[in-house]
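For reference, the structure is listed below as structure tokens.
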Amino acid sequence: MQIKNICCIGAGYVGGPTMAVIALKCPDIKVTVVDLNAARIAAWNGPLENLPIYEPGLAEVVEKARGRNLFFSTEVDKAIDEAEMIFMAVNTPTKTEGEGAGMAADLRYVEACAKNIASVSKTDKIVIEKSTLPVRTAEKIKEILDSEGSGVHFEILSNPEFLAEGTAIQDLFKSDRVLIGGDETKSGQKAVQALVDIYANWIPKEKILTTNVWSSELAKLASNAMLAQRISSINSLSALCEKTGADIEELSKAIGMDHRIGSKFLKASVGFGGSCFQKDVLNLVYLCRHYGLEEVADYWHQVIKINDYQKDRFAQKIIDHFGGDLTGKKIAILGWAFKANTNDSRESPAIYVAEKLFKAGAFLEIYDPMVSKESIFRDIDFYWEASGTEDLKSRISVLYPVNELDLSNDATAILTECEAFKSLDFSNTIVFDGRGILSSSIYSIGKG
Ligand code: NAD
Ligand code: UGA
């Protein structure tokens, strides 16, 4: 089956870059990325320097394919109607209300997509789960498609995305693996092959792994959980290093040199952030409880608890240094995004650390070369409990660019491993290093 027309619903961090790369590598396929968010689509269609997502190499890919076979549009129904293959790359945040609130994935956007596809489709379609979803979601999607569709055939595949922000284009060009889950029926396998043929345009065949749908759905959650677990493991040991005089970097190196363990994702930090690790691990915990696997659920929940402990521990170190009260203290926060080289601050540890310091009385000066003042205040409004109860703006300032930074203050907290921070003048401040990037700090995660 030769695919000529692809539609992707969701023009976010995943939908935008993945479809741009498919369009680049498959010039004979028309790829249309649609979204209900008109401002986001306008930005995808606008100047290359203002694309809605910052990723090294993305602008070059978009420049080559946009207008040739890559299109961004708000005409969702039209794109669904024209496509033989539809990717669903919409957001799946943690539920905030109802059954499973605070743990389970909110599937309302995925369900809305399925309803939309069902109501518009007049021809058979291959529908692909690109979003990260709980295992057995394909069952629900099929139910919606079959009960609300007009008799056309829908084949559902799972094709989770493994890109990391900041290296998305590199990850998509040279994926460790592409995972495709499909039904073992004849039509299921035909659909799997159609998707394999697309990726085979640039991914070596041995890296394209085909499985059943449930394995594919669960492998995505499990991969994120294993990565997050490594970070929580090393972070838990960082606390023990501080008590015993062992050094976390030396420990990490010694552990990682065992080729069976490997050195990646063993960097101690102030905790992991980002839109996915926490939500996906919580979702896994919820699923385990749903299936009555309490011990398994508790095991994975501990990964989140250690992450919360680590963020809290770091902020508390600063508060303790000043005798438990930060009233009137001026503290710089370097790094607001959840890691260096991205403008994404979803679930960033900085948000939590800053909140705790602010509530202990501090004046905060926040700086991140990639995150705008508006985004920082939006995060504060969104994440901080009771954010509106104090006059935030009188005790928080956001600085930009780096040369406005005057580090003659009471303390400086480093929260991302941004290169620009390494060359700043820290001689008039006390540095608390949450990323272990500076040798001159008085407190560095995992060092006694
Ligand atoms: P995002 O919030 O950046 O983008 C999702 C987009 O979907 C939004 O622009 C939203 O407007 C749009 N949307 C929602 N419902 C819609 C509908 N019914 N019709 C049209 N558009 C709709 O999310 P993201 O970061 O791209 O993540 C998407 C999925 O991919 C999530 O399940 C996430 O877990 C997974 N994932 C994300 C990453 C990452 O690095 N961000 C990596 C791998 C997997
Ligand atoms: C992560 C995964 O790496 C991707 O494979 C996955 O596709 C994605 O989640 C997703 O599903 O959304 P991402 O969140 O973009 O990607 O970034 P990572 O590089 O994995 O970093 C996550 C967090 O862990 C960051 O806060 C980072 O600073 C922290 N981290 C990472 C550490 O604290 N120590 C490490 O050794 C590595």
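Just follow the structure's listing: the first ligand is 1, and inside any ligand the first atom is 1.
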- Message: Checking a contact table here: which protein heavy atom is nearest atom 1 (C) of ligand 2, and how many Å away?
- Response: Phe277 CE2, 3.4 Å
- Note on the structure: Per-atom filter on ligand 1: closer than 4.0 angstrom to a heavy atom of Tyr109 are 15 (N)
- Note on the structure: A student checking ligand 2 against Lys220 at a 4.0 Å heavy-atom cut-off should list atoms 6 (C), 7 (O), 10 (C), 11 (O)
- Considering only heavy atoms, does Thr132 approach ligand 2 within less than 4.0 Å through its side chain, its backbone, both, or neither? neither
- Going by the atom numbers of ligand 1, which of them fall below 4.0 Å from some non-hydrogen atom of Ile9? 19 (N), 20 (C), 21 (N)
- Query: Can you find an N/O atom of Asp280 closer than 3.5 Å to an N/O atom of ligand 1?
  - Reply: no
- Sub-4.0 Å heavy-atom contact, Lys264 with ligand 2: no
- Query: In the protein, which heavy atom is nearest to atom 17 (O) of ligand 2, and how far is it?
  - Reply: Lys339 NZ, 3.0 Å
- Salt bridge flag under 4.0 Å for residues Glu242 and Lys317: yes
- Pick one of side chain, backbone, both or neither for how Cys276 approaches ligand 1, counting any non-hydrogen atom pair under 4.0 Å. side chain
- Note on the structure: Judged by heavy atoms only, the candidate from Arg435, Lys279, Gln278, Glu165 nearest atom 27 (C) of ligand 2 is Arg435
- Item | Side chain to side chain, Ile53 and Trp44, heavy atoms closer than 4.5 Å | yes
- Decide if the gap between the ring center of Tyr367 and the ring center of Trp336 is smaller than 6.0 angstrom. no
- Top protein contact for atom 36 (O) of ligand 2, by heavy-atom distance: Lys267 N, 2.9 Å
- Message: For Glu82, is there an ion pair with Lys30 - N to carboxylate O distance below 4.0 angstrom?
- Response: yes
- Task: Please determine if Asp298 and Lys305 form a salt bridge, counting it only when a charged side-chain N lies under 4.0 Å from a carboxylate O.
- Result: no
- Message: Check this for me - ligand 1, Lys130, N or O atoms closer than 3.5 angstrom, yes or no?
- Response: no
- Query: Counting only heavy atoms, which portion of Leu163 has something under 4.0 Å from ligand 2: side chain, backbone, both, or neither?
  - Reply: backbone
- Mind checking whether Glu161 has an N or O less than 3.5 Å away from an N or O of ligand 1? no
- Task: May I ask you to identify, for Arg346, whether its side chain, its backbone, both or neither come under 4.0 Å of ligand 1 on a heavy-atom basis?
- Result: side chain
- Query: Please state which protein non-hydrogen atom is closest to atom 20 (O) of ligand 2 and give its distance, to 0.1 Å?
  - Reply: Phe265 CZ, 3.2 Å
- Message: Under a 4.0 angstrom heavy-atom cut-off, which atoms of ligand 2 come close to Glu161?
- Response: 7 (O)
- Query: Nearest to atom 30 (N) of ligand 2, what protein heavy atom do you find, and at what distance?
  - Reply: Ile231 CD1, 3.4 Å
- Numbering as shown, the atoms of ligand 2 that approach Ala164 to under 4.0 Å (heavy-atom distance): 3 (O), 15 (O), 16 (O)
- Item | Arg230 to ligand 2, any heavy atom closer than 4.0 Å | no
- Task: Answer side chain, backbone, both or neither: which part of Leu133 comes under 4.0 Å from ligand 1, heavy atoms only.
- Result: neither
- Do the charged groups of Lys142 and Glu155 touch, with an N to O distance under 4.0 Å? no
- Message: Heavy-atom distances under 4.0 Å decide this one: backbone, side chain, both or neither, for Val14 against ligand 1?
- Response: both
- Query: Looking only at heavy atoms, is any part of Ala89 under 4.0 Å from ligand 1, and if so is it the side chain, the backbone, or both, or is it neither?
  - Reply: backbone
- Quick one: does Arg40 get an N or O within less than 3.5 Å of an N or O on ligand 1? yes
- protein heavy-atom neighbour closest to atom 5 (O) of ligand 2 works out as Phe162 O, 2.8 Å
- Task: Using distance alone, determine whether Leu227 and ligand 2 share an N or O pair under 3.5 Å.
- Result: no
- Within-4.5 Å side-chain heavy-atom neighbours: Asp433 and Arg435: yes
- Considering Asp35, Ile53, Asn37, Leu36, which one's heavy-atom position lies nearest to atom 9 (O) of ligand 1? Asp35
- Item | Ile261 side chain reached by Arg230 side chain, heavy atoms, under 4.5 Å | yes
- Message: Counting non-hydrogen protein atoms only, what is the nearest one to atom 14 (O) of ligand 2? Give residue, atom name and distance.
- Response: Phe338 CE1, 3.5 Å
- Judged by non-hydrogen atoms, does Ser269 sit under 4.0 Å from ligand 2? yes
- Could you tell me the residue and atom name of the protein heavy atom closest to atom 35 (C) of ligand 1, and the distance to it rounded to 0.1 Å? Thr132 OG1, 3.5 Å
